[in-house]
2 protein chains.
Amino acid sequence: MKKSAPKLSSDYTTRDRLLDAAERLFGLRGYDGVGMRMLAEEAGVNLGAATYHFGSKDALYIETFLRRFRTMNAKRLRLLRQAEEEAGANPLPVCKIVDCMIRPLFQSGLEHPSFQLLLARNLFMPPAFLHEAIRKELEPNIMEFHTALLRSLPGMPDNLLHLRTMFGMGALLVFSVQMDRMPLARDATFNENVLKEMVHFISAGLQSVSPPSLEEWLPVPFPPDFERR
Amino acid sequence: MKKSAPKLSSDYTTRDRLLDAAERLFGLRGYDGVGMRMLAEEAGVNLGAATYHFGSKDALYIETFLRRFRTMNAKRLRLLRQAEEEAGANPLPVCKIVDCMIRPLFQSGLEHPSFQLLLARNLFMPPAFLHEAIRKELEPNIMEFHTALLRSLPGMPDNLLHLRTMFGMGALLVFSVQMDRMPLARDATFNENVLKEMVHFISAGLQSVSPPSLEEWLPVPFPPDFERR
DNA sequence: GAAATTAATACATACGTATGAATTATGTGT
DNA sequence: ACACATAATTCATACGTATGTATTAATTTC
């Protein structure tokens, strides 16, 4: 017996209460729109609890995000690798890759509705202190998807693929936000249909042949990193 | 002579200073991330100036956004109508419509770089008090584009077109944010090339034929309006 | 009884807005 | 063209409340 943490009467820990409340409120109002007191009240815990369990508001925010983001990314990679294994030597169809990329987002949106907003927010415009955590968690992921896509789209320039992948991400993120406004959008088959449509939309864009007059059009548009003032 | 407002020595009014500072800071940090004191200092004016000229922080935010959003939307409609006039009776090519829809955003991004972030922010996740102003300003616009697209995409279901248009908007918005991180992205020809690519990407998605098993897939997913808590 | 957790309160700072005096620009009568 | 009265604008400051975190005591759990 090494269990060193005391147990509550219910198993719904103070820590978890806080994470859930933070997920909901931060997703709805953003980092700057939620105060510690509002959080504590929503979670039904004491004001000091957040500082005690997480150290600071920033740390709570980071953990709230990463808690689900990690497992979601893991599932993405798992799906891709599994698909690649099944496909053997030949490259995957583009729409299959896109499906692996996007499906876990939809799934996590169904299981944890309030996380979807937080996710969209943080992928769209993360607060500065989240930049590194996101990069670290996301970079290996997108690299693997990028090379998979390159294998399925021979001859496509690196820059162009990056650009188009970004476009696709945008489609996903905006839908995630708008989804909140659709009343019975939590229906599973509706979700599946929208997912199919989205995969189709993005795949069409990825596979289309570029318009002319686009030779050598950009000197490395995506720098390794940046500094936001 | 009815001129009732006094003139400053310089023509860079306190009002304009405030609007410019607000554009920059609100775009960078969001509504809740910027205080009136920070704003006043950035603008180089007194703290009371904002309340005097705009009445409240909300009002300043709204005006900061609408100032450019209005003219941008007007230009969009102007481009579309002009193209339709030139085309006469036959429907426009989809990529032409998309171009009219998107080009003014790029142009305004070139002319007013810091507005692009604010625009993306507000179209992605506007603060509650902006909802109505956006709807009022945007609704006639998208309706006109929607019917134009329907004319060029005969047989496409209303819902599907809405969905795909949303996807396209997402591509645009995410790019607007990421653009800030691209060092010499303010170059005009680079911009033109990316615009071309984006128009192409969105048009490809809009024109693609849907995957099967999508018959009667959704009972009106986009309600007239909603209420965000 | 020792460690972990909860609770209550305090601190300095920042928030948006209101107030009223000081200052500047303006329209008008001469 | 000049002065004057009035409106428009700037400025400094104050108010009540909210912010994130630190502190310290009470309580619970092992």
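Please read these numbers as outputs of a predicted model, since none were measured by experiment. Protein chains get the first letters and strands the later ones, always in sequence-line order, with residue 1 at the start of each.
If you check every strand for non-hydrogen atoms under 4.0 Å, G48(A) touches nothing.
Contact between the side-chain N/O atoms of T51(A) and the OP1/OP2 oxygens of dG20(D) is not found at any separation under 4.0 Å. The phosphate of dA4(C) (OP1 or OP2) has no side-chain N or O of H53(A) nearer than 4.0 angstrom. Taking 4.0 angstrom as the limit, S56(B) places none of its side-chain polar atoms (N or O) nearer than this to OP1 or OP2 of dG16(C). At the phosphate of dT9(D), neither OP1 nor OP2 sits under 4.0 Å from any side-chain N or O atom of N46(B).
Taking atom CG on L47(B) and atom P on dA14(D), their separation rounds to 13 Å, with Å as the unit. The distance between atom CG of L18(B) and atom C1' of dT10(D), rounded to the nearest whole Å, is 12 Å. Separating the CZ atom of R37(A) from the C1' atom of dT9(C) is a distance of 11 Å, rounded to the nearest angstrom. Per the geometry, CD belonging to E41(B) stands 13 Å off C1' belonging to dA14(C), to the nearest Å. One atom, OH of Y52(A), and another, P of dA22(D), lie 15 Å apart when rounded to the nearest Å. Between the CZ atom of F129(A) and the C1' atom of dG20(D) there is a distance of 13 Å, rounded to whole Å. Rounded to whole Å, the distance from CG on D32(A) to P on dT19(D) is 12 Å. Distance CG (D16(B)) to C1' (dT9(D)): 15 Å, rounded to an integer number of Å.
Nearest heavy-atom pair across G27(A) and R121(A) is O-NE, 3.0 Å.
Of the listed nucleotides (dT10(D), dT6(C), dT21(D)), dT6(C) has the atom at the smallest distance from the side chain of T14(A).
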**OP:** Test salt bridge (charged side-chain N to carboxylate O under 4.0 Å, His left out) on R17(A) and E42(A) and set out the steps.
**Re:** CA-CA 9 Å; R17(A) 277 174 205 272; E42(A) 172 92 356; over 6 Å; no
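Taking the six-membered ring where tryptophan is involved, the planes of F167(B) and F175(A) are perpendicular, since the angle between them exceeds 60° and thus also 30°. Using bins of under 30°, 30° to 60° and over 60° for the plane-to-plane angle, the ring pair F201(B)/F201(A) lands in the perpendicular bin.
Using a 4.0 Å cut-off between charged side-chain N and carboxylate O, E63(A) and R70(A) make a salt bridge.
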